[in-house]
Amino acid sequence: MSALPNEQTLAVVEGHAGVLNGPLALEVVMDVAVSAQEIKRADLLQMYYYLRLTRTLEDRVTALYRQGRIVGGCYTSHGMEAIAVGYASALERDDVIAPFHRDMGAFLVRGITPGEVLAQYLGKRTGPTNGKDGNVHMGDLKRGIIGFVSHLADNLPVATGAALAFKIRGERRVVFTGTGDGGTSRGDFHEAMNFAAVRKLPVVIFCNNNQYAYSTPVRYQMAITDVVERAKAYGMPGEIVDGNDVAAVYLASKRAIARARDGGGPTFLEFKTMRMHGHSEHDPAKYVPRELLEEWKKKDPILKAEHLLTQLGYGDEAAFREAGERAKKEVEAGLDFAERSPLPEGPEALEGVFAERADSE
Amino acid sequence: MSALPNEQTLAVVEGHAGVLNGPLALEVVMDVAVSAQEIKRADLLQMYYYLRLTRTLEDRVTALYRQGRIVGGCYTSHGMEAIAVGYASALERDDVIAPFHRDMGAFLVRGITPGEVLAQYLGKRTGPTNGKDGNVHMGDLKRGIIGFVSHLADNLPVATGAALAFKIRGERRVVFTGTGDGGTSRGDFHEAMNFAAVRKLPVVIFCNNNQYAYSTPVRYQMAITDVVERAKAYGMPGEIVDGNDVAAVYLASKRAIARARDGGGPTFLEFKTMRMHGHSEHDPAKYVPRELLEEWKKKDPILKAEHLLTQLGYGDEAAFREAGERAKKEVEAGLDFAERSPLPEGPEALEGVFAERADSE
Amino acid sequence: MTTTMDQRTGEVTYLEAISQALDEEMTRDERVFLMGEDIGTYGGAFKITEGFLQKYGEWRVLDTPLAESGFVGAAIGAAMMGLRPVVEMQFADFISCAFDQITEVAAKNHYRWGAAVPLVIRAPFGGGVHGGPFHSECPEGWFFHSPGLKLVAPSTPYDAKGLLKAAIRDPNPVIYFEHKFLYRRIKAVLPQEDYIVPIGKADVKRTGTDISVVTYGAMVHLALEAAQVLAQEGIDIEVVDLRTLIPLDKETIYASVRKTSKAIMLHEDNKTGGIGAEIAALLAEECFDCLDGPIVRIAAPDTPVPFSTPLEEFFLPKTSDIVSAARKLAAY
Amino acid sequence: MTTTMDQRTGEVTYLEAISQALDEEMTRDERVFLMGEDIGTYGGAFKITEGFLQKYGEWRVLDTPLAESGFVGAAIGAAMMGLRPVVEMQFADFISCAFDQITEVAAKNHYRWGAAVPLVIRAPFGGGVHGGPFHSECPEGWFFHSPGLKLVAPSTPYDAKGLLKAAIRDPNPVIYFEHKFLYRRIKAVLPQEDYIVPIGKADVKRTGTDISVVTYGAMVHLALEAAQVLAQEGIDIEVVDLRTLIPLDKETIYASVRKTSKAIMLHEDNKTGGIGAEIAALLAEECFDCLDGPIVRIAAPDTPVPFSTPLEEFFLPKTSDIVSAARKLAAY
Ligand SMILES: Cc1ncc(C[n+]2csc(CCOP(=O)(O)OP(=O)(O)O)c2C)c(N)n1
Ligand SMILES: Cc1ncc(C[n+]2csc(CCOP(=O)(O)OP(=O)(O)O)c2C)c(N)n1
Ligand SMILES: [Mg+2]
Ligand SMILES: [Mg+2]
């Protein structure tokens, strides 16, 4: 977990980029395994657990949605779990995240429980927003999570401001934020990237490039293939990372976080991945070519993590099964909690428009 | 004025970039002279006249401001006249511009008269906005000019839309637009650049990099030295151009316009220059180092054009003096017109909020 | 195309009425084209433009990058060059991202320098769909206070179709507020022939003698429901459906209140600074003499739209709110 | 620093009062810091923060890139992390570029997920300065209809200083509308000691018995002028200066109108959907019984602010407008 030198270069993580275009090959896993040795066994196993927990929880949400028990949008990170789990695991407790709508793993790693998430989905008073908002629109400053705003990329300037606060106070804290390939088209992406670079703020900004924004493929979103091209235009280092490889995400995030913490300023990370479900669970996503999904299915982040853990001798089938069962139990207990939780009462709708005092007071 | 091949490369105009950092050297003028031979004698002489006309007109505006006869903002292009004169001269009649606030020369080249400009400054009914708006906030669709909006970069998306209209209708028309180094920080700059590139629109987008945005130097505006870096991030060709050399501006614009007209999509041009007056005429600009102004004074666009014309044997001192006198006469006649023009009547304030019919009907 | 009607009854939904208007206008006038997120391949988040890409091609049905300011700006430019863009906000809530382009550029161009901007922005708005704070907003109040824009908000399939056609043919920027709650919930048989509903004309959806309820959008249906309940108690409600929010049809409003002498303003938008305030103010100034009681406002409270069902139900105006306010006012 | 007072009279201008408030709050509380365009080296377009960079350093007085959405967003983030940012719009007109951050993020964070956003946005607003459509706007009407924001608009140096201090100490996003026309035109002697003007309290700037003029900002001075003229005719005007626009001090407004029975709403912002509409609506609902005449509104017409002097003079409300409206109302 050593910090990298602050080279202002556009680097592709050695040995990882190759994973993106071919099917899962043993040589590549070998390469990952080499650098993954930097990661503590326990950390890697914990990340694996969070991958399973995220998958289990979101699959549960999808099932509830299909049963008509969840209303409104259902955005999952199915097939992209490694990104949020990887970057959130790379942060310290005092750091802050401003996640986007495919970052369930980050909420979990930072301590939002499956029960709270399900309560949020069910509109219960015990969810992080007390029923005021739904699904992934949650946040909690006590756990260092800036609440997600629907308007894509709106939280990027906000994240730079959090980083500015740390810089002004001389604190060695870092902010991690990001948006989708679609979200990069918004003006706020630009204004945030630029401000972060000008003031060398301790912030890491990522793009979850899952190749689609709702139905819109990347080629209608931008005239470049790699979003990371943009980093250079702000005078910021950037990396392309295999977003399906939790170890790669973790290591690249660690490097970027270390740079930020050491006063080296912001980094831009492009996590290449693929959205495996519809935009929201109502969307059959017929516009995505079947072959593309077939290809990416082989690169599933859980599968990849299992290969790696096996390779490193950190885990085996039995351990994986055990983790899956533990995740299932945790989610079911959470659902029980959520279901037994009360709904808010109507008049609570009137509460909370204004703060009585600021949190820091 | 041949169109260049559509290479998608980031090119520095050969022989011109050098001008930027050193004092005016004869070798460099020689280089310019070589490529300037592509420009017709009459065209170059006409551009020279427009440089003089712009300078004379704006100096008159400044004098009126100092006499307290003009109220409100007074943004001049003093020392930057070559940009607007150069690009506007490179366009065809049916093309459209969406200028920014230092583009007086473009208004003039497209046929707004000094009299109209002065009437606009004096709030007269005969100005292009009939007194509704002031100074450089003017436009006229009949002359292919999209009216300037204060909010910087707002007109960049608008310009892409005009280009989209041409593309949809299959017309071989081009839009030329731009903003300042400050204006590039706005989200609308990003959204426009990106949309232009994705849809390969026939638009040229420039940045007038005059090293300051009001009092803010470029280093507080962006963490890069050359704004042109940004072109690549959108998948768009870009060039750095000596903004004080009207021939260089004209030739680079011609190339970009030809590319756009031929379906090659947008180009980004960075015109390097220096703001020689305050932000507005009220601003003494003490924050600009004196030496920087001294250095750039030697690169004055009118001086440069005279060197070039002499070099090419297209003009001499007498011709230059004659042009200056002609410009002076035109401006004084314009002032006379503006002064004799009526002010609008109060109740006209209520007119024109809604259109009765669209222009194209 | 989604513009298929119920084969048995010949009825089309509010949503289909919108599709039909777009389809017919695109066929009638080749200058009309569409821009927005996911409106092409996907046919739009609500499937209003399903099939349009195939029918009109990718240069008349443009899937844009995710950039509301950028594509509204582009629409302004295209409009000034003689086209007739119709842009879709995926949800009205995201119109805040294009606020600057709408209020500073589109709204002011004609006044400032005489350039007409014939642009339509479709904004699917309103709550009751479990959308939470960012998928349920009523942003019309902001634009109501922005000179240079026209605003319409139909409540029926007939008005939806006719107002959209009128908006597309108008030489000014028009924001077209279509209520998501109504999309598939109301149906009507529409005329075979081309028609428009003129911008600037309100419509009395129910005549009555005792109290005028002035409203628009989905709330029209609540007002009609309340009127039925109240009719049984002998209170005769007149329901004025504004249809156009700017320019307001003051004559129709005043005529109604002059007749009934009592007025209730009803809207789903937040109360403070909402459109009901303006109409109340107009009545208090222009029809003061004819008023026989306070001007009552029923509107959502001054909070964002909450997500959870009991909260949202509490937040939204209800038929019972209208009934009880009308009873009190009738007894005044 | 610009916060020097007139040595002879001890008076400071409205502008200097603002500077003083910023300076004192920055000294009192090191969490307070400033962001905006040209506020550092240059001291701000209006020189309100002249000398601040030297005094507080470049990390408490940040010259930002030209990006209102970006720096307002950043201020929101810094506020949530415990700082007290005060951002300056170079002109209030450019607040449209930050509209989305203000209304969707700052205003809703606390309601949605409990995060307080103690942020102040200074917005130099208003006309009469030959600024034209983009340097004279009154954008308060938009934010008046955005739950979660507080809005203040002082009319005197005393209120300017006290309200800015209160805004900085408030745990919510506050937009501080400072009227450019007043900057150097009004002066007053201010208390030596620290004071605030509480948010949410209106101020009766002149007591009277015949008509209440409810207003704010620069218009307060017009109302006072008109009151002097009218006093000579025996018409006794009460001038209610709202000072805070959200939350409205309804009690003070109602108490005044209950006393006078007649009310004029006066503002420089466009008429339709302006704050005057809300207050008229409140009165027509809550004080209907006590009204002895129509509620009159005097406001700018529904157009952008025109540039040329005769146009702008026509556009802006004038003392004579108040005088003649009051005469008519008094005779009612
Ligand atoms: C400003 C804005 N416009 C539109 C939307 C509606 N919307 C929600 S998600 C989405 C697509 C997002 O794509 P991307 O950023 O690539 O993220 P992904 O969902 O693919 O992870 C859209 C258009 C939005 N949330 N915000
Ligand atoms: C959105 C916006 N914010 C602030 C301003 C106020 N303003 C006018 S010009 C200017 C500086 C512009 O700098 P630049 O873009 O470099 O153009 P230059 O004046 O140097 O040519 C500023 C801050 C504005 N016009 N628009
Ligand atoms: Mg995506
Ligand atoms: Mg500049």
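In what follows, every chain begins at residue 1, and chains take the letters A, B, ... in the order their sequences are listed. Owing to the predicted nature of the structure, the values given are computational and were not obtained by experimental measurement.
Here D:Gln90 is the residue among D:Glu313, D:Gln90, D:Glu37, D:Glu68 with the most heavy-atom pairs under 4.5 Å with chain B. For the set D:Ser69, D:Cys97, D:Gly40, D:Gly70, the count of heavy-atom pairs under 4.5 angstrom toward chain B peaks at D:Cys97. Interface summary for chain B: among D:Val129, D:Thr309, D:Asp93, the most heavy-atom pairs under 4.5 angstrom belong to D:Asp93. Ranking B:Gly72, B:Gly182, B:Pro347 against chain D, the residue ahead of the rest is B:Pro347, based on heavy-atom pairs under 4.5 Å. If you tally non-hydrogen atom pairs under 4.5 Å between each of D:Pro133, D:Pro301, D:Ala45 and chain B, the highest count goes to D:Pro133. Comparing B:Asp188, B:Val149, B:Thr184 by how many heavy-atom pairs each has under 4.5 Å with chain D, the most go to B:Val149.
Note that the OH atom of D:Tyr42 and the CG atom of B:Asp283 stand 3.5 Å from one another [nearest 0.5 Å]. For the atom pair CG (B:Asp133) and NE2 (D:His135), the distance works out to 9.5 Å, reported to the nearest 0.5 Å. Distance check, rounded to the nearest 0.5 Å: CG of D:Asp63 to OH of B:Tyr287 gives 11.0 Å. A distance of 9.0 Å separates CZ in B:Arg125 from CG in D:Leu311, rounded to the nearest 0.5 Å. Atoms CZ and CZ, on D:Phe94 and B:Arg186 in that order, are 9.5 Å from each other to the nearest 0.5 Å.
Within the 4.5 Å cutoff, the side chain of D:Leu62 has no heavy atoms near those of the B:Tyr220 side chain. Counting heavy atoms from C-beta on, the side chains of D:Phe91 and B:Ser150 never come closer than 4.5 Å.
Heavy atoms closer than 4.5 Å to chain D are found nowhere in B:Tyr212, neither backbone nor side chain. Heavy atoms closer than 4.5 Å to chain D are found in the side chain of B:His137, but not in its backbone. When heavy atoms are compared at a cutoff of 4.5 Å, B:Asn130 approaches chain D solely by way of its backbone atoms N, CA, C and O. Heavy atoms of D:Thr64 lying under 4.5 Å from chain B belong exclusively to its backbone. Heavy-atom distances place both the backbone and the side chain of B:Leu350 under 4.5 Å from chain D. Neither the backbone nor the side chain of B:Glu351 comes within contact range of chain D; no heavy atom of the residue lies under 4.5 Å from a heavy atom of that chain.
The aromatic rings of D:Phe134 and B:His151 stand perpendicular to each other, their planes meeting at an angle above 60°, with 30° marking the opposite boundary.
One N or O on the side chain of B:Gln221 and one on the backbone of D:Leu66 form a donor-acceptor pair closer than 3.5 Å. Using modelled atom types, one side-chain atom of D:Ser308 and one backbone atom of B:Gly123 make a donor-acceptor pair closer than 3.5 Å.
D:Asp38 and B:Ser215 share a side-chain donor-acceptor pair at under 3.5 Å.
Around the CD atom of B:Glu356, the shell of radius 6.0 Å holds no more than 12 heavy atoms that belong to other residues, nucleotides or ligands.
When all heavy atoms of D:Pro306 and B:Ala349 are compared, the closest pair comes out as CG-CB, 4.1 Å.
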